[in-house]
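Working notes, structure below.
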There are 2 protein chains.
Amino acid sequence: MSDTTTKKLALTTYTKLMRAAESATSRTSKVMTAAGLTISQFGVLEALYHKGPLCQRDIAAKILKSTGNITLVIDNLEKSGLVRRERDSEDRRFLTVHLTETGTALIAKVFAEVEAAIVADLATLTAEEQETLGRLCKKLGLKSAA
Amino acid sequence: MSDTTTKKLALTTYTKLMRAAESATSRTSKVMTAAGLTISQFGVLEALYHKGPLCQRDIAAKILKSTGNITLVIDNLEKSGLVRRERDSEDRRFLTVHLTETGTALIAKVFAEVEAAIVADLATLTAEEQETLGRLCKKLGLKSAA
DNA sequence: GGTGATTAGTTTAATATCAAACGATACGAT
DNA sequence: ATCGTATCGTTTGATATTAAACTAATCACC
């Protein structure tokens with residue numbers, strides 16, 4: 001295959017990958033905003049929901065954002081009464097973030113809706129196609145991480 | 001296949017798709033920021049580079065952002081001397097945005113670098129795998145657009 | 001021709017986002 | 001013990017982003 005053909009194929013593949021990711025994101029983010037959550041807020045709540053209380057540094061690492069950013073997102077979640085901060089008594093540098101009852105109820109509901117949206121979206125592909133897509137995406141993702 | 005299995009497959013496929021898209025984006029965005037461009041600024045310059053002068057509404061549609069956002073991005077590009085605005089003489093509501101010489105030179109260089117990064121990234125997959133990935137992504141993207 | 005609806009772009013207010021500087025706390029080595 | 005280093009979180013300044021209110025210009029229709 002010529003260099004030009006290789007390049008063209010890579011670029012169209014890249015574009016299709018990006019479009020697919022964007023349209024999937026657009027579906028799920030509609031669910032989140034309908035519930036009054038931003039994507040970041042959802043990310044934080046979802047991390048706490050599945051991993052339990054976390055310090056802000058761990059939350060930042062989990063959702064791939066800066067710690068400065070997390071400070072603001074947690075501020076807003078705290079104002080809405082969805083999470084609360086608790087100073088670690090052993091190492092006072094840490095702030096452990098906990099879901100409140102309201103926060104737990106909300107993320108449980110919204111997470112289920114997001115899951116349903118994803119399942120509905122992916123239903124376009126057969127099980128075999130999904131497995132193939134997943135395998136190729138994983139191969140691609142691993143390379144880039146290196 | 002059971003509902004639970006269907007759901008699990010859809011969710012892991014979705015996660016892998018997102019991770020692949022993120023890692024590909026991370027590579028290309030490094031090239032852009034190294035050149036002093038934000039992702040949006042690159043998007044605007046690239047649109048003008050390949051489509052010629054455009055009005056702000058068309059730029060917004062092309063890079064899927066709000067017109068309010070485009071106003072700011074063009075403001076910053078204009079300050080940097082990479083684009084200039086020109087009021088349309090026929091319909092004075094329109095502002096046509098043009099690349100300057102500096103802007104053209106910059107986007108030509110950066111776009112080539114981004115392309116190279118994409119080609120290098122996709123080289124992880126064989127041509128056949130890329131075609132398969134592209135086909136599946138397209139199928140998925142089309143559904144969501146509907 | 002004049003009025004009402006539409007369209008292009010700007011502004012505003014809120015949240016997001018990062019990098020970098022900073023303050024407070026903890027830890028390690030001597 | 002303490003001095004230097006590392007770590008956690010906040011702050012700051014810049015850009016991004018949207019939705020919604022707004023201005024200016026045009027068009028459609030009577």
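We name chains A, B, ... by the order of the sequence lines, and we start the count at 1 in each one.
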Measure [atom1]/[X] against [atom2]/[N] and give the value in whole Å, please.
{"X": "A:Arg92", "N": "C:dC27", "atom1": "CZ", "atom2": "P", "value": "13 Å"}
{"X": "B:Ile59", "N": "C:dG9", "atom1": "CD1", "atom2": "P", "value": "8 Å"}
{"X": "A:Glu90", "N": "C:dC27", "atom1": "CD", "atom2": "C1'", "value": "15 Å"}
{"X": "A:Leu72", "N": "D:dA16", "atom1": "CG", "atom2": "C1'", "value": "14 Å"}
{"X": "A:Leu64", "N": "C:dC18", "atom1": "CG", "atom2": "P", "value": "9 Å"}
{"X": "A:Leu45", "N": "C:dT15", "atom1": "CG", "atom2": "P", "value": "15 Å"}
{"X": "A:Gln56", "N": "D:dT10", "atom1": "CD", "atom2": "C1'", "value": "9 Å"}
{"X": "A:Arg57", "N": "D:dA6", "atom1": "CZ", "atom2": "P", "value": "15 Å"}

Using the side-chain heavy atoms of [X], tell me which of these nucleotides is nearest: [options].
{"X": "A:Val73", "options": "D:dA25, C:dA16, D:dC8", "answer": "C:dA16"}
{"X": "A:Thr71", "options": "C:dA26, D:dT11, D:dT26", "answer": "D:dT11"}
{"X": "A:Arg93", "options": "C:dT7, D:dC8, C:dG9", "answer": "D:dC8"}
{"X": "A:Cys55", "options": "D:dG9, C:dT15, C:dG9", "answer": "D:dG9"}
{"X": "A:Leu95", "options": "D:dG9, C:dA16, C:dT10", "answer": "D:dG9"}

Assign [X] to base, sugar-phosphate, or nothing according to its heavy-atom contacts below 4.0 angstrom with the strands shown.
{"X": "B:Arg85", "result": "sugar-phosphate"}
{"X": "A:Ile74", "result": "nothing"}
{"X": "B:Ile63", "result": "nothing"}
{"X": "B:Ile70", "result": "nothing"}
{"X": "A:Asn69", "result": "base"}
{"X": "B:Thr38", "result": "sugar-phosphate"}

Report the residue (A:Asp88 or A:Ile39) whose heavy-atom-nearest nucleotide on DNA chain C is the more 5′ of the two. A:Ile39
Comparing nearest nucleotides in DNA chain C, the 5'-proximal residue of the pair A:Gln41, A:Gly68 is A:Gln41
NZ/NE/NH1/NH2 to OD/OE distance under 4.0 Å, B:Lys8 and B:Asp3: no
Same hydrophobic cluster for B:Leu11 and A:Leu125, using side-chain heavy-atom links shorter than 4.5 Å among ILVMFWY? yes
Following the transitive rule for hydrophobic clusters with a side-chain heavy-atom cut-off under 4.5 Å over Ile, Leu, Val, Met, Phe, Trp and Tyr, establish whether B:Leu72 and B:Leu77 coincide in one cluster. no
Donor on one side chain, acceptor on other, A:Thr12 and A:Thr15, under 3.5 Å: no
Evaluate the ring planes of A:His50 and A:Phe111, with Trp represented by its six-membered ring, and classify them as parallel (under 30°), tilted (30 to 60°) or perpendicular (over 60°). perpendicular
Identified side chain to side chain contact (heavy atoms under 4.5 Å, CB included) counterpart of B:Met18 within the set A:Thr28, A:Thr25, A:Ile118: A:Thr25
